[in-house]
Amino acid sequence: MVNRGSGGGGEEAGAPAQRLVFAYYITGHGFGHATRALEVVRHLIGAGHDVHVVTAAPEFVFTTEIDSPRLHIRRVLLDCGAVQADALTVDRLASLEKYHQTAVVPREAILRTEVEWLTSIKADLVVSDVVPVACRAAADAGIRSVCVTNFSWDFIYAEYVVAAGHHHRSIVWQIAEDYSHCEFLLRLPGYCPMPAFRDVIDVPLVVRRLHKSRSEVRKELGIADDVKVVIFNFGGQPAGWKLKKEWLPDGWLCLVCGASDTQELPPNYIKLAKDAYTPDLMAASDCMLGKIGYGTVSEALAYKLPFVFVRRDYFNEEPFLRNMLEHYQCGIEMIRRDLLTGHWKPYLLRALTLKPCYDGQINGGEVAANILQDTAVGKKYITGKLSGARRLRDAIVLGYQLQRAPGRDVGIPDWYSLSEKEIGVRPAVAPGINGNAESSFEDFEILHGDMQGLTDTMAFLTSLSGLVGNDPRSPEKQSRERTAASVLFDLEEEIYVARAPGRLDVMGGIADYSGSLVLQMPIREACHVAIQRTNPIKQKLWKHAQARQLANGAVPVVQIVSFGSELSNRAPTFDMDLSDFMDGDKPLSYDKAKEYFSKDPSQKWAAYVAGTILVLMTELGVRFTDSLSILVSSSVPEGKGVSSSASVEVATMSAIAAVYGLNIAPRDLAILCQKVENHIVGAPCGVMDQMTSACGEANKLLAMVCQPAEVKELVSIPTHVRFWGLDSGIRHSVGGTDYGSVRVGTYMGRKMLKCAASDLLSQSFPSTTTQSCDGSEEYEKYGVELLKSEASLQYLCNLPPHRYEAAYARDIPEVITGDEFLEKYGDHNDAVTVVDPKRSYSVKAPTRHPIYENFRVEAFKALLTAAKTDEQLSALGELMYQCHYSYNACGLGSDGTDRLVNLVQEIQHRKTSSQNGGPSLFGAKITGGGSGGSVCVIGKNCLKSSEEIFEIQKRYKAATGYLPIVFEGSSPGAGKFGYLKIRWRST
């Protein structure tokens, strides 16, 4: 503990009416919390009180600003915040694990220590920013507590828990329970939902004061008043990037915060001292380049400093701060790729055109200190009747957060937070929603193709029409994606539109990569892609792409806008020079392309779209000499196990094929799209998703043998049968570890089985494999030709279940380690997965599943054409149940999908009165890659079954809080839809 001696603080008041003792706990996450707490602490000490600061931040953060014997610093880490993989990315699982080790394991000892310490210093009030356990310790010590923050850790960690597969889920409940002991929250602008707090008082921005004028700072640094200066500020964690002279506009200087002692900088960069006072430096600069945090945003707003920011991954408070920053015309987003490659100039020059206009109060430190003083002497601050409504509002937005895909921003509703009055946040524009009430799909002339009465296609064309006359310079706030899309197309030229649906896995699922027959239904929800091919000289370019063209000359560029990014933590746009896909005179390798798209997680989504271009270059030799403008709008929800990624890939490649006049058969197009997902995205999926999206037809099941992709037939769904998809709310990802490890186990089992067949074959010929068979017992039992085929087995599904049980089942182990397998068998012979020597793999269940699944699918297909009886439906349902439990045996189940399947069983088997007849639902199974996602349900096509599906929705929500999405209905695949060629009707 450090006590500061008397010195030149010069701000302390005389003896206060009552000298109070405050214990101020500061979270271990970043400098921003310490710097804003500093301003509150300064006012408390200035009023003559003692403040004990509990922090892990460096002492200089406080001591350079406050020199007083009443400041006491206690260096203790009681939480860890978010663990950063680098300056722009949070490691979610590592964050949870570190919090568990820091705050959960030693919790009882922490509480004992803090209660004793609080008692020993005779604290009058505990203040927390925003350490959870401090609130509980205060309660145990009988001391009131108050939190001061713009976000809470239960909100931040909740999404990490979802993404981490519910590891450490108890952490979130414990944090919320700790916060509930807090008397009230002093809530800062740009806040997140925080329903754990009972009462809330809103205070102005808390910002550090300025010590020196702009001219004084520049004089000390030797910088003339007319020189343009950018401050490079990525917080207390040194970025370690190699900065280059040519990254800055001519004549500019860059002030670098957080540079390491050994980092060498070009002459137009100035390394700042570790304890440099950032507010003065910001106010002396012309703009700032950095990452969004409360400290940087509040001080940029207060000192009207244009802020060029780079999006960070999994910082869930960021969208709330970003909305405030952009509302006050103070922020511009820089693409991470441009940050890392030094393409700074267009952003910095554009920043100078901003006119920051924040006019709110910036005395939040003083206001908060006054409220804390009053609270410490017994004054009651309660917001009263509005508290319940506020907590409900927070809980609803938190619910949005938990139901979205991990890593994606929550969509902030219009009615949420101070945004209603203070920052004017508007609701995000939903994909395909048109801002112009007068626009219509009839504004386009269809030169080729037919909308086929599809209402979603009409809505997509209407949304395109709504972009016309959308002035991106308008002061009216628009979504980023619509602003970008409004300059994407030249409406005097032709635009091509393709459509590809998602799919519901009725039977087959993960057995596709083992060569099984699968039955898949294209769903009603689909992805639309609009594309335009343009001469590079004529293409409308976004400003940073224009600057790149000025530097490099006019080269073909692909510009992509993804509708729906407002609801996600991804950049709404992506652009690249098509020359980046060339490595000399050859197309870039798939491995290098995968690395290219992985550099920026917020733009990794672009691999599904732009990756189709590279596959066409590599596999078909297509040359792209023109620029491409692409708009993607998908209604297929992500992470639900209904092939959202396949629909994007197939729609994109179909649109590119149309605009380039490429005649690619739907089957071949699906196989090309699988290469995008396997090799560029890096997800080890089979081909059934892309095949269904490309080759499917409405109201028919695509019967396909995945060897590798042969459409057997299109099976009409009988009129008395109906299929539904029910989403569990648990995110599914074919790139997840469970799916990948099961696939590895399957291929291990195939290798073991082939080796066993080879051993049996060698036993059939004890002397030589070339001698004729003499009727030995081995030959009689197995048959040489049969063993030969099994020793060279390409697909597990070609092995009948009886052969597996008779000859091989006993030799396949339940589990094997990677190093044991590699030592005994060598490679597992799968091009898209890798055996981890340190990992244990389940083998028996993943090997058995596709062998029996193929038989189940064959039986299911045959039964579909049987007599229309309840026995037929019961048999179909039984096959689905067997498939579901086989998934579970492989380790691909989930609590949510099991609950849905159990609800179907309960409803199917409950007793009903005679007038209600028998059951109307007959079976259900997990779909696709498993581990969450959706279940497929089979039932009668009648009103009763629809009512029972609705009942399942309600019961699932009552049990889990999540209302499942229902997928029902079907639509044509991309091949059947073809493409539209459209042109704007001139008025």
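Minimum heavy-atom separation, Leu265 to Ile270: CD1-C, 4.2 Å. Considering all non-hydrogen atoms of both residues, Pro132 and Tyr99 come closest at CG-OH, 3.7 Å. Here the closest non-hydrogen pair linking Ala351 and Cys287 is CB-CB, 4.1 Å. What you find for Leu305 and Ser285 is that their closest heavy atoms are CD1-O, 3.4 Å. Across all non-hydrogen atoms, the minimal contact from Met576 to Asp580 is CE-CB, 3.6 Å. Closest non-hydrogen pair, Leu631 versus Ala485, comes out as CD1-CB, 4.3 Å.
Taking the six-membered ring for Trp and thresholds of 30 and 60 degrees, Tyr347 and His343 have ring planes more than 60 degrees apart, a perpendicular arrangement. Relative ring orientation between Trp344 and Phe232 is described as parallel, the plane-to-plane angle staying below 30° on a 0-90° scale split at 30° and 60°.
Every side-chain hydrogen bond (donor to acceptor under 3.5 Å, both in side chains) that Asn150 has, sequence neighbours left out, goes to Arg36. With sequence neighbours left out, the salt bridge (Lys or Arg N to Asp or Glu O under 4.0 Å) criterion links Asp91 to no other residue.
Here Glu246 does not pair with Lys345 in a salt bridge; the nearest charged N to carboxylate O distance is not below 4.0 Å. Under the 4.0 Å criterion applied to side-chain N and carboxylate O atoms, Glu39 and Arg42 are assigned as salt-bridge partners.
A donor-acceptor distance shorter than 3.5 angstrom exists from the side chain of Asn268 to the backbone of Lys245, with no hydrogens or angles considered. Side-chain N or O atoms of Tyr179 include one that pairs as donor or acceptor with a backbone N or O of Val130 at under 3.5 Å. Tyr294 contributes a side-chain N or O that, together with a main-chain N or O of Val206, makes up a donor-acceptor pair within less than 3.5 Å. A donor-acceptor contact shorter than 3.5 Å links the side chain of Arg312 to the backbone of Ile292. A donor-acceptor pair is defined here as one N or O able to donate and one able to accept, closer than 3.5 Å; no such pair exists between the side chain of Asn233 and the backbone of Cys257. One N or O on the side chain of Lys271 and one on the backbone of Gln263 form a donor-acceptor pair closer than 3.5 Å. Looking at Ser95, its side chain never comes within 3.5 Å of a backbone N or O of Ala82 through a donor-acceptor pair. At least one donor-acceptor pair closer than 3.5 Å links the side chain of Lys274 to the backbone N or O of Ala259.
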Q: Could you go through the salt bridge (Lys or Arg N to Asp or Glu O under 4.0 Å) check for Glu65 and Arg208 one step at a time?
A: CA-CA 10 Å; Glu65 179 70 1; Arg208 290 177 288 177; over 6 Å; no
**Q.** Derivation and outcome, salt bridge (Lys or Arg N to Asp or Glu O under 4.0 Å), residues Asp338 and Arg311
**A.** CA-CA 12 Å; Asp338 286 341; Arg311 189 185 297 248; over 6 Å; no
Q: Go through the steps for Arg214 and Asp225 under the test salt bridge (Lys or Arg N to Asp or Glu O under 4.0 Å), then give the verdict.
A: CA-CA 9 Å; Arg214 172 186 172 96; Asp225 286 343; 5.5 Å; no
Q.
For a side-chain contact (heavy atoms from CB on, under 4.5 Å) check, start with the C-alpha distance between Ile73 and Thr55, then their side-chain angles and the critical distance, and finish with the verdict.
A. CA-CA 7 Å; Ile73 300 176; Thr55 180; 4.2 Å; yes
Q: Check step by step if side-chain hydrogen bond (donor to acceptor under 3.5 Å, both in side chains) holds for Asp79 and Thr27.
A: CA-CA 6 Å; Asp79 68 356; Thr27 185; 2.7 Å; yes
Q. Under the side-chain contact (heavy atoms from CB on, under 4.5 Å) criterion, do Leu71 and Val53 qualify, and how do the steps go?
A. CA-CA 7 Å; Leu71 171 66; Val53 175; 3.8 Å; yes
(Q) Evaluate Val203 against Ile371 for side-chain contact (heavy atoms from CB on, under 4.5 Å), listing each step before the verdict. (A) CA-CA 10 Å; Val203 296; Ile371 294 172; 4.1 Å; yes
Q) After noting the C-alpha distance and the side-chain angles of Arg322 and Glu333, does the key distance pass the salt bridge (Lys or Arg N to Asp or Glu O under 4.0 Å) rule? A) CA-CA 9 Å; Arg322 188 174 69 230; Glu333 181 180 349; 5.2 Å; no
Q: Would you sort out whether Ile332 and Leu354 count as a side-chain contact (heavy atoms from CB on, under 4.5 Å), showing the intermediate values?
A: CA-CA 9 Å; Ile332 293 173; Leu354 294 181; 3.7 Å; yes
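Considering CG of Leu272 and SG of Cys254, their distance stands at 8.5 Å, rounded to 0.5 Å. Taking NZ of Lys355 as the start and CD of Gln329 as the end, the distance is 8.5 Å to the nearest 0.5 Å. For the atom pair Leu339 CG and Leu289 CG, the distance stands at 6.0 Å (nearest 0.5 Å). Distance CG/Leu205 to CD/Gln361: 10.0 Å, rounded to 0.5 Å. Remark: Met334 CE to Phe307 CZ distance equals 11.0 Å, nearest 0.5 Å. Between the CD atom of Glu326 and the CZ atom of Phe309 there is a distance of 4.5 Å, given to the nearest 0.5 Å.
Side-chain atoms of Gln539 and Ser629 include a donor-acceptor pair closer than 3.5 Å. For His33 and Asp129, the side-chain atoms include at least one donor-acceptor pair closer than 3.5 Å.
At a threshold of 4.5 Å between non-hydrogen side-chain atoms, the residues Lys228 and Leu348 do not count as touching. With a 4.5 Å cut-off on side-chain heavy atoms, Val40 and Tyr24 count as touching. Side chains of Lys604 and Ser598 form a contact here, defined as non-hydrogen atoms less than 4.5 Å apart. In this structure, Ile630 and Val561 have side chains that are not in contact, with every pair of non-hydrogen atoms separated by 4.5 Å or more. Using a 4.5 Å heavy-atom threshold, the side chains of Thr149 and Arg187 count as separate. The shortest distance between side-chain heavy atoms of Ile26 and Phe62 falls below 4.5 Å. Side-chain contact between Trp252 and Trp247: absent, with no pair of heavy atoms (C-beta onward) separated by less than 4.5 Å. You'll find the side chain of Lys291 stays beyond 4.5 Å of the side chain of Thr296, heavy atoms only.
Atom NZ of Lys212 sits in a sparse spot, with 12 or fewer heavy atoms from other residues, nucleotides or ligands closer than 6.0 Å. Within a 6.0 Å radius of NZ in Lys98, other residues, nucleotides and ligands contribute 12 heavy atoms or fewer.
Note: Tyr277 and Phe60 fail the aromatic proximity criterion, with ring centroids not under 6.0 Å apart.
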